[in-house]
Amino acid sequence: MHTRPHKALFRLLRRLSDGHFHSGQALADEFGLSRSSIFNILAQAESMGLTIHAVRGRGYRMPEPVEWLDGEVVTHYMGAEGRNYTIHVLDSVDSTNTALMAAALGGAADGTLFCAEHQRTGRGRRGRQWHSVVGGSLTFSILWRFETGLQSLAGLSLVVGLAIARAVNRHSRHPARLKWPNDILVDYRKLAGILVEVQGDMNGPAFAVAGVGLNVRLDELQRDAVDQAVVDLVEMGVTVGRNQLLADCLQELHAALNIFRQHGFAAFREAWLSLDAYAGRAVALTLPDSRSVQGVACGVDETGAFLLCDMQSILRPYNGGEISLRLDGAR
Ligand code: BTN
């Protein structure tokens, strides 16, 4: 849904997600709206994929209560590390990355975090859309500032992927692994995607906005909208709440960023390789100019570049592109 939802929608949803019925009249009185407005707003929620029970004589309720994002709860779960972030929970936004890039240009501080219940035009890598479900996704973006220039940010997006995989693996018996440059996969199905956008001087002040979209509980609509195999936490048997998971992601990211700022990607290479889902697999690498190179995936180098061993057994690093498994399985 690309249109802006009614401004009372999320307050209403929070009210309904206690699992109890609320009559249309009680909601109308509480929100200062007419009963027909309540009906129309909740119809909007259904068009966003949420299920609302409407029972004549009893009212409305959400049969599957949602754990809504709450900045104070996330900060509490993070303990002392909470002071490293300024958390803004947004009900609906075009894209947390777009909004945070704008805030960064307006002077927002290092550690500013935007997380959203709903993105109207979520963005993926390579100009793709990113689909998320209200209450069934974790979508957030973080701003980091650097004095060491864009040249020092090589491999940052891989480090973000590693930190998110570590946070998921605190809860999962079935390990989340990595696909270069920064997808998070379980059994070759995508659990989370990362979009890092940078701006600034080559050698002076620069900033990065790292956006993370993670599937918690997908619905059929969303599965159909995505043209690749996907997985969600519910399917993996992971029952952690979204606020706890966000806190875990932020802790892992903070720890990783401290090391990255001092040592760059080289300090993470071994850890990244230990979660590499494609190591030794026959792959095709589609380059940014659409050419395709075939070979065997051989991990990443100290800068985070993808290493491909081609048909002539020559190992070459690549900085851009997208890999896919070759179904012929040739090595
Ligand atoms: C990808 O795998 O293509 C990257 C997906 C990144 C999605 C996240 S959701 C939060 C942030 N806001 C966006 O618009 N995109 C990123």
Side-chain angles (χ1 to χ4, degrees), residues 2 93-102 104 114 116 119-133 137-144 150 153-165 176-186 188-200 206-215 218 222-232 265 272 275-278 281-295 297 299-301 303-308 316-327:
H2 293 224
V93 67
D94 47 2
S95 143
T96 53
N97 260 47
T98 307
L100 192 51
M101 288 295 281
F114 284 0
Q119 289 193 120
R120 297 187 291 276
T121 49
R123 295 188 289 114
R125 286 179 63 236
R126 296 159 72 89
R128 295 198 190 99
Q129 290 184 345
W130 181 261
H131 301 274
S132 44
V133 184
S137 303
L138 192 55
T139 49
F140 63 94
S141 302
I142 306 178
L143 168 65
W144 292 301
L150 295 174
L153 304 188
L156 173 62
S157 73
L158 281 76
V159 172
V160 174
L162 177 63
I164 301 301
R177 296 195 291 157
L178 298 164
K179 174 188 175 192
W180 184 85
N182 50 21
D183 282 357
I184 293 160
L185 308 181
V186 174
Y188 297 98
R189 293 191 287 157
K190 186 156 168 173
L191 174 69
I194 288 159
L195 177 67
V196 175
E197 297 179 291
V198 296
Q199 260 193 53
F207 65 82
V209 166
V212 178
L214 189 146
N215 304 324
L218 298 175
Q222 191 198 33
R223 284 176 194 269
D224 291 349
V226 182
D227 60 355
Q228 67 185 123
V230 289
V231 66
D232 63 22
F265 179 73
W272 199 96
L275 289 182
D276 183 359
Y278 279 49
R281 301 294 304 259
V283 296
L285 172 70
T286 307
L287 298 170
D289 64 8
S290 298
R291 274 182 311 129
S292 174
V293 224
Q294 319 244 314
V300 293
D301 71 10
T303 67
F306 176 63
L307 293 174
L308 185 76
R316 286 204 176 85
Y318 291 88
N319 285 303
E322 184 140 298
I323 53 173
S324 50
L325 284 178
R326 267 164 52 209
L327 295 178

- Message: Within the 3.5 Å criterion, strictly below it, is a donor on Asp94 or Thr121 matched to an acceptor on the partner's side chain?
- Response: no

- So, does Lys179 use its side chain to make a donor-acceptor pair with the main chain of Ile323 at under 3.5 Å? yes

- Item | Within-4.5 Å side-chain heavy-atom neighbours: Ile184 and Leu178 | yes

- Message: List the residues meeting salt bridge (Lys or Arg N to Asp or Glu O under 4.0 Å) with Asp276, not counting sequence neighbours, and say none if there are none.
- Response: none

- Query: In Å, rounded to the nearest 0.5 Å, how long is the span from CD1 of Ile142 to CH2 of Trp144?
  - Reply: 4.5 Å

- Report yes if some heavy atom in the side chain of Pro181 is under 4.5 Å from a heavy atom in the side chain of Arg125; otherwise report no. yes

- Message: Under the rule for salt bridge (Lys or Arg N to Asp or Glu O under 4.0 Å), what residues qualify as partners of Glu197, not counting sequence neighbours?
- Response: Arg123

- Query: What heavy-atom pair brings Ala305 and Asn319 nearest, and what distance separates the two atoms?
  - Reply: CB-OD1, 3.5 Å

- With sequence neighbours left out, what residues match Ala277 under side chain to side chain contact (heavy atoms under 4.5 Å, CB included)? Arg177, Leu185, Tyr188

- Drop me the distance from Ile164's CD1 to Asn182's CG, to the nearest 0.5 angstrom. 10.5 Å

- Heavy-atom closest pair (Val93 atom, Ala99 atom, distance to 0.1 Å) is CG2-CB, 3.8 Å

- Report the distance from atom OG of Ser141 to atom CG of Leu195, rounding to the nearest 0.5 Å. 8.0 Å

- Under 3.5 Å, is there a donor-acceptor pair between the side chain of Trp180 and the main chain of Gly321? no

- For the residue pair Leu275 and Ala165, what are the closest heavy atoms and their distance? CD1-CB, 4.1 Å

- For the residue pair Ala116 and Thr96, what are the closest heavy atoms and their distance? CB-CG2, 3.6 Å

- Query: What distance do Ile194 atom CD1 and Trp130 atom CH2 have between them, rounded to the nearest 0.5 Å?
  - Reply: 9.0 Å

- Task: Compare every heavy atom of Val160 with every heavy atom of Ala210, then report the nearest pair and how far apart it is.
- Result: CB-CG2, 4.2 Å

- Does some side-chain heavy atom of Phe265 sit less than 4.5 Å from a side-chain heavy atom of Leu158? yes

- Item | Any side-chain heavy-atom pair of Asn215 and Val231 under 4.5 Å | no

- Please answer whether the main-chain N or O of Gly295 pairs with a side-chain N or O of Arg326 as donor and acceptor at a distance below 3.5 Å. yes

- Would a 4.5 Å heavy-atom cut-off, applied to side chains only, mark Arg316 and Leu308 as touching? no

- Message: Would you say Ser95 and Asn97 are linked by a side-chain donor-acceptor pair, where the criterion is simply a distance under 3.5 Å?
- Response: no

- Message: What I'd like to find out is whether the side chain of Ser292 reaches to under 4.5 Å of the side chain of Gln294, using heavy atoms alone.
- Response: yes

- Task: Please name the pair of heavy atoms, one in Gly320 and one in Leu285, separated by the smallest distance, quoted to 0.1 Å.
- Result: O-CD1, 4.3 Å

